[in-house]
Amino acid sequence: MSEFDRVVRDRRSIRLFHPDKAVPRSAVVEALELARRAPSNSNTQPWHLILAEGAARERLVTALLDASRTREPSIPPLHDDLNRFKYELGEQLYGSLGITRDDFEARRTAIRLNYRFYDAPLAGVVCMPRGLHHVDSLGVGMYLQTLILGLTTRGLGTCVQMLIAGFPDVVREALLIPDEYDILCGLAIGYAVEDFPANNLDVPRKSIDDTVVFLDR
Ligand SMILES: Cc1cc2nc3c(=O)[nH]c(=O)nc-3n(C[C@H](O)[C@H](O)[C@H](O)COP(=O)(O)O)c2cc1C
């Protein structure tokens, strides 16, 4: 198996990090160097990333936790046809933690770990200039995946977090993000707690047959 294949296969969402294991800036910069090679619409490179650590991260986490105590995050609803994926993921994720379907309190507590970036010492916020088209967000997605794989091959774990974007006003204020950027998602970066069950999920994927059509006429 090539190193690339291994990294793609090894990557998975990490939902508990070692809070005190610092992320080397050099590894992050190397991965950022790779990510900026990502393709984008007319080479517009519409990505903008804020990486918060130390006091900045604390400020963000405190603000998100405060907000989540008083209101729900504003997140786009899933299309009806897609709800079963969320349900199945929840079963697998919470099941690995011994949380039953009807234990709403435990599920809420687990979801709230998002706002602590799952204890990752480096908290990323992925942005894009306001008012761009969804075509442009494809470029940001390509940037993000390249960054994530670059971090994975350097031994770092990650989790993309749309829930963080559910409180855009809070994130904006805590990290002084100018109004001209939309906030797309969070990105937790750090070293995984290897034996945490939810860090070792093998989340199923649709088959190639279900998702690709080869046409030759
Ligand atoms: C755009 C996007 C948003 C996501 N938002 C969250 C999130 O808010 N919280 C979370 O724990 N995981 C989040 N994830 C992780 C997905 O649940 C995960 O990628 C998916 O279940 C596949 O699992 P894997 O990453 O371990 O392969 C997100 C992933 C993507 C790409």
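Both counts, for ligands and for their atoms, begin at 1 and track the order of listing.
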Arg37 atom CZ, over 12 foreign heavy atoms within 6.0 Å: no

I'd like the atom pairs linking ligand 1 to the protein - N or O on both sides, separation under 3.5 Å - with distances to 0.1 Å.
{"unit_1": "ligand 1", "atom_1": "5 (N)", "unit_2": "Val160", "atom_2": "O", "d": "3.4"}
{"unit_1": "ligand 1", "atom_1": "5 (N)", "unit_2": "Met162", "atom_2": "N", "d": "2.9"}
{"unit_1": "ligand 1", "atom_1": "8 (O)", "unit_2": "Met162", "atom_2": "N", "d": "3.1"}
{"unit_1": "ligand 1", "atom_1": "8 (O)", "unit_2": "Leu163", "atom_2": "N", "d": "3.0"}
{"unit_1": "ligand 1", "atom_1": "9 (N)", "unit_2": "Asn114", "atom_2": "OD1", "d": "3.0"}
{"unit_1": "ligand 1", "atom_1": "11 (O)", "unit_2": "Arg15", "atom_2": "NE", "d": "2.7"}
{"unit_1": "ligand 1", "atom_1": "11 (O)", "unit_2": "Arg15", "atom_2": "NH2", "d": "3.4"}
{"unit_1": "ligand 1", "atom_1": "11 (O)", "unit_2": "Tyr118", "atom_2": "OH", "d": "2.5"}
{"unit_1": "ligand 1", "atom_1": "12 (N)", "unit_2": "Arg15", "atom_2": "NH2", "d": "3.1"}
{"unit_1": "ligand 1", "atom_1": "12 (N)", "unit_2": "Val160", "atom_2": "O", "d": "3.4"}
{"unit_1": "ligand 1", "atom_1": "14 (N)", "unit_2": "Val160", "atom_2": "O", "d": "3.0"}
{"unit_1": "ligand 1", "atom_1": "17 (O)", "unit_2": "Arg15", "atom_2": "NH2", "d": "3.1"}
{"unit_1": "ligand 1", "atom_1": "19 (O)", "unit_2": "Ser13", "atom_2": "OG", "d": "3.4"}
{"unit_1": "ligand 1", "atom_1": "25 (O)", "unit_2": "Arg11", "atom_2": "NH1", "d": "2.9"}
{"unit_1": "ligand 1", "atom_1": "25 (O)", "unit_2": "Arg11", "atom_2": "NH2", "d": "3.2"}
{"unit_1": "ligand 1", "atom_1": "25 (O)", "unit_2": "Ser13", "atom_2": "N", "d": "3.4"}
{"unit_1": "ligand 1", "atom_1": "25 (O)", "unit_2": "Ser13", "atom_2": "OG", "d": "2.6"}
{"unit_1": "ligand 1", "atom_1": "26 (O)", "unit_2": "Ser13", "atom_2": "N", "d": "2.8"}
{"unit_1": "ligand 1", "atom_1": "27 (O)", "unit_2": "Arg11", "atom_2": "NH2", "d": "2.9"}
{"unit_1": "ligand 1", "atom_1": "27 (O)", "unit_2": "Arg205", "atom_2": "NH1", "d": "3.4"}
{"unit_1": "ligand 1", "atom_1": "27 (O)", "unit_2": "Arg205", "atom_2": "NH2", "d": "2.8"}

Student check: side-chain heavy atoms of Val203 and Arg12 closer than 4.5 Å: no

Flag, side chain of Arg130 to backbone of Met128, donor-acceptor distance under 3.5 Å: no

Listed once per pair and sorted, the side chain to side chain donor-acceptor pair (under 3.5 Å) pairs that draw on residues 115-128, sequence neighbours left out: Asn114-Tyr118, Arg116-Asp119

Beyond-backbone contact of Asn199 with Arg15, side-chain heavy atoms, under 4.5 angstrom: yes

Short side-chain donor-acceptor distance under 3.5 Å, Ser207 and Asp209: no

